[in-house]
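Labels below follow one simple rule: chain letters A, B, ... track the order of the sequence lines, proteins then strands, and each chain is numbered from 1. Everything numeric in this text was worked out from a predicted model, so none of it was measured.
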Protein chains: 2
Amino acid sequence: MTQCDTKTRILDSAEQLFAREGFHNTSLRAITSLADVNLASVNYHFGSKDALLQAVIERRLLPLNQIRETQIRGVLAQAKEEGIPPTAADLLRAFIEPTLEFRNSSPGAHDFISLIGRSLSEPDETVRNCFLALVLPIFQLLFKGLCEALPQLSPAILLTRLQFAIGTMSHVMCMGSLSVFNHPELPTPLDQNTLIQQLLKFVHAGLETPE
Amino acid sequence: MTQCDTKTRILDSAEQLFAREGFHNTSLRAITSLADVNLASVNYHFGSKDALLQAVIERRLLPLNQIRETQIRGVLAQAKEEGIPPTAADLLRAFIEPTLEFRNSSPGAHDFISLIGRSLSEPDETVRNCFLALVLPIFQLLFKGLCEALPQLSPAILLTRLQFAIGTMSHVMCMGSLSVFNHPELPTPLDQNTLIQQLLKFVHAGLETPE
DNA sequence: TCTTGATTTAAACACTTATTTGAAACGCCT
DNA sequence: AGGCGTTTCAAATAAGTGTTTAAATCAAGA
């Protein structure tokens, strides 16, 4: 078992447990025993539990954000080339589709999305700030694009609505379809594809509605 | 200091700390020292930490839900009386306005709304289920009303969108305006009233958009 | 006033927590 | 083979966790 092996196994286990049980409800003992490594190795490789969380988030979020950024920049570039403003729908898709692809790419990625979906409303500042610092640049880029796409809306209102949209999306990413809604008296939930399609429609309509 | 005094002080302190620090990150010692009561009194009065959380949630959510229910039933009744379907906007307002009024009624209520706003995506089943069981009836009532208001939408899609709407609303309730968005390069956030008004517009537009 | 039940209190309980330590084991290069 | 830096390991540390206990305190009824 090489060094890299141990580190990755810790990251994988921590990701899974942080996502499913919550950060403060997950002990290092639970992580190391799931990863089948020694308890002390997490402090040896990462320094502390907080730093482990940081590493868990950065491992996936840095590459994901890079993809999102190139997608959004692609939409902006093509619009500029054609001499027309980008559409809000294209910008939203550029933001959310990489997230979905990534989420379906592996079980660990799925857990990870739950984790960051919850990070926005995380009470613990350590957790929240760690996440926020990494996504702020993307939010800013998306906001800039939406200002071009929807010039009829004032920037302040647009920013608020972007906040709503991000809230909705992370909520859905985080929970998929909620268990409560699996109820005999209610219709059966939609499949994954339709769900996402509806999600885009929903936030798109919300963003574009007149002031 | 009477029995009732001790109990409410524990509830108030627990509410504040659960909301601001998270359930698992809040110790009974932190609660009892903030409430200035003896450590053992929480187990004496409530039985356990889990039961205390349940009590914290029930104390506020039961009356709040009662108000929401009468408001929604009022909208439905008036529509029936006038022989026209209720509007989605009225139903949404009937759901969210009591929440807002309640949130502004006291600092403790504000903390409480943060707490339940996060409960939907709470990883811990104990916490989540405790909350979900109490709000399911309201969700069902709201859904029934929306089916009448928007008959052109299939129930399955409407349910999904209601889920989006609730996600958005609890997200906003929980965080108010996010600290990240207080950034020099971004417009200053809207005031509370405009924020809520925009929130209603946003989810209303999302709900009503064609399939 | 004395008794009875409810409440409060300090202390202890039995675990779990994150983190540290020093020795053992490892791979790797000369 | 021997030495060296890196990694693993069991064990211990010190502090924190929810919960329980038994004595002390209180309010009120007989």
Next item on the list: Could you pick out which residue, L39(A) or L39(B), lies toward the 5' side of DNA chain C when each is mapped onto its nearest nucleotide?
Entry: L39(B)
Notebook entry, point to check: Between D36(A) (CG) and dT8(D) (P), how many Å, whole number?
Noted result: 12 Å
Check: For F164(B), which residues count as a ring pair (Phe, Tyr, Trp, His ring centres under 6.0 Å) partner, sequence neighbours excluded?
Finding: F202(A)
Check: Would you find a donor on one side and an acceptor on the other, under 3.5 Å apart, between the side chain of S13(B) and the backbone of R9(B)?
Finding: yes
Margin query: Short of 4.0 Å, heavy atom to strand atom, which residues of residues 47-59 of chain B count as contacting DNA chain D?
Written below: S48(B), K49(B)
Note to self: From NE2 of H45(A) over to P of dT7(D), roughly how many Å is that when rounded to an integer?
What the structure shows: 6 Å
Next item on the list: Among residues two or more places apart or on two chains, list those pairs meeting salt bridge (charged side-chain N to carboxylate O under 4.0 Å, His left out) that have a residue in residues 104-119 of chain A.
Entry: R20(A)-D111(A)
Next item on the list: Step through the shown structure and confirm whether more than 12 heavy atoms of other residues, nucleotides or ligands are within 6.0 Å of CD on Q78(B).
Entry: no
Margin query: I'd like to know if the side chain of R73(B) and the backbone of L141(B) have a donor-acceptor N/O pair within less than 3.5 Å.
Written below: no
Next item on the list: Please work out which residues in residues 27-35 of chain B have a non-hydrogen atom less than 4.0 Å from an atom of DNA chain D and list them by number.
Entry: S27(B), L28(B), R29(B)
Check: Rounded to whole angstrom units, what separation is found between the NE2 atom of H24(A) and the C1' atom of dA18(C)?
Finding: 13 Å
Note to self: List the residues meeting ring pair (Phe, Tyr, Trp, His ring centres under 6.0 Å) with F18(B), not counting sequence neighbours, and say none if there are none.
What the structure shows: F23(B)
Item checked: Any donor-acceptor pair under 3.5 Å from T26(A) side chain to L17(A) backbone -> yes
Item checked: For atom CG of N38(B) and atom P of dA12(C), their distance in whole Å -> 14 Å
Notebook entry, point to check: To the nearest angstrom, how far is N25(A) atom CG from dA18(C) atom P?
Noted result: 11 Å
Next item on the list: Specify the separation, in whole Å, of atom OH of Y44(A) and atom P of dA10(D).
Entry: 17 Å
Notebook entry, point to check: Can a donor-acceptor pair be found between the side chains of N38(A) and S41(A) at a distance below 3.5 Å?
Noted result: no
Margin query: Using whole Å, what does the distance between atom P of nucleotide dA18(C) and atom CZ of F46(A) come to?
Written below: 15 Å
Item checked: Rounded distance in Å - CG (N43(A)) to C1' (dT21(C)) -> 12 Å
Check: Tell me, which pairs form a side chain to side chain donor-acceptor pair (under 3.5 Å) where one or both residues lie in residues 131-150 of chain B, sequence neighbours left out?
Finding: H183(A)-Q140(B)
